[in-house]
Amino acid sequence: MHKLSIKDLPLRDKRLFVRVDFNVPLSEEGRVTDDTRIRETLPTLEYAIRNRAKLILASHLGRPKGKPNARMSLKPVAERLRMLLDNVLESSCNVGFSPDCVGIEAEELSTRLESGQTLLLENLRFHPEEEANDESFARALAKLADYYVNDAFGAAHRAHASTAGITKFVGKSAAGFLMQKELDYLGQALQDPKRPFIAILGGAKVSDKIGVIRNLMGKVDALLIGGAMAYTFQKAQGREVGKSLVENDKLALANELLHEANERGVAFLLPVDDVVAMKIENDIPTKTIDGDQPIPDGYMGLDIGPKTIKLYADQIADAGTIVWNGPMGVFETPSFATGTKKIAQAIARNEDATSIVGGGDSVAAVHQAGVADKISHISTGGGASLEFLEGKKLPGVEALNNK
Ligand code: AMP
């Protein structure tokens, strides 16, 4: 990685501002119901504390739209963080909380911090200036610290005050361990993948994945398409797709992409059979239709069929690098979840490959299938990982100092 790492910063007795992603779900009573995102930053936090930095942590939570909102306070996160850090460090940890992320109180609390102590700031998005990447707000955040670390990969595709603006006003800016891991895995896949390199793309819309398809076309050996997206391609090729979800304004583009794949010699695989039904409802009658047959009127394609599962699983078994983003069907409804689950299992079986799974639905599917520990890298940023795969520069990464 060509960006500075937290290991390149002088930490002892320094105030270190760490942008984390503590955007965790809270219950009605304000309890953290899933602390995965907090636990994922622990290696970075533990390293900084053991190296005697004074830690200032900042995050967004939910969408408070630029106004304070008690239901989106990070206060409950401070308590959970304290428990988790106590565990990791095997000693009682000091985690304070600042009721605002900028201003006199935050400044006083940050200057009073002792080495090895932690201060969590209140939700950055209580201020509209955060998302506007406002310069004076970025300066106000920077006042709290000497150095900056970004460990919030999930927010790195946004140029906000805490992910981009702040870096102009602190000593040096570096990547945390979680950020580094994301960039290493995704970067390696794009720059020097073990071959064959395949990408499996699914989900509802072609339009969301055009950039990824275009960029990956020059890098992968095969693209495997599933989900509703497949029907836009099939309709473009002249198949009757019944009432399957189709983007009619993307048919010409779909043909262009198919043509481009052909020119470049990239295998562009579409489903060879589909599970269809009249409604999206569990346990309703379904049919399996071959891909060279029309989907009957009144029916829609809701999952890939068994032949497609086998075809895709064979490709996955032979791959050296696998990137997966987007479900193969309406996986939220158990009757149409088989394709997505089988793809997750097939990826898990190829333990020799580097496998990268991104996007909320595919990540959920990997957990539901119970194979998360068999995946090389589960990305913590759906939007950020897609933009990375599109070949875009992420503002939160660009803002960090080069080595
Ligand atoms: P995306 O956000 O584009 O990754 O799309 C994810 C959504 O696509 C999920 O909610 C799936 O239920 C939905 N989806 C996947 N396959 C289909 C399909 N064949 N028909 C309708 N929706 C689908």
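Order of appearance sets the numbers: ligands from 1, and atoms from 1 within every ligand. In this text, all values refer to a predicted model and were calculated from it rather than measured experimentally.
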Asn350 side chain vs Ile316 backbone, donor-acceptor pair below 3.5 Å: yes

Side chain proximity check, Asp274 to Ile304, heavy atoms < 4.5 angstrom: no

Ile280 N/O under 3.5 Å from ligand 1 N/O: no

Contact (N/O only, under 3.5 Å) between Ala204 and ligand 1: yes

Taking atom 17 (C) of ligand 1 as the reference point, the nearest protein heavy atom with its distance: Ala228 N, 3.4 Å

Heavy-atom nearest neighbour in the protein, as seen from atom 4 (O) of ligand 1, with distance rounded to 0.1 Å: Lys209 NZ, 3.5 Å

Residue Asp208 vicinity, atoms of ligand 1 by number, heavy atom under 4.0 Å: 3 (O)

Identity and distance of the protein heavy atom lying nearest atom 21 (C) of ligand 1: Val330 CG2, 3.6 Å

Closest protein heavy atom (residue, atom, distance) for atom 12 (O) of ligand 1: Glu332 OE1, 2.6 Å

Aromatic ring pairing His127/Phe137, orientation class (parallel under 30°, perpendicular over 60°, tilted between): tilted

Where ligand 1 meets Leu302 - atom numbers and elements under 4.0 angstrom, heavy-atom basis: 19 (N), 20 (N)

Atom 15 (C) of ligand 1 [closest protein heavy-atom partner, distance rounded to 0.1 Å]: Gly329 O, 3.2 Å

Numbering as shown, the atoms of ligand 1 that approach Lys205 to under 4.0 Å (heavy-atom distance): 3 (O)

Protein contact to atom 7 (C) of ligand 1 [nearest heavy atom, distance to 0.1 Å]: Asp361 OD2, 3.9 Å

Where ligand 1 meets Gly227 - atom numbers and elements under 4.0 angstrom, heavy-atom basis: 16 (N), 19 (N)

Interfacing atoms of ligand 1 (cut-off 4.0 Å, heavy-atom, Gly203): 1 (P), 3 (O), 4 (O), 5 (O), 6 (C), 8 (O)

N or O pair under 3.5 Å between Gly301 and ligand 1: yes

Donor-acceptor pair between Glu281 and Thr333 side chains, under 3.5 angstrom: no

Any side-chain donor near an acceptor of the partner, Lys3 and Asn402, under 3.5 Å: yes

Heavy-atom check, side chain of Lys209 versus side chain of Met229, under 4.5 Å: yes

Donor-acceptor contact below 3.5 Å, side chain Lys307 vs main chain Asp273: no

Over all atoms of both residues, closest heavy-atom pair of Leu119 and Ser98: CD1-N, 3.8 Å

Nearest heavy-atom neighbours spanning Ser244 and Tyr231: CB-CG, 3.7 Å

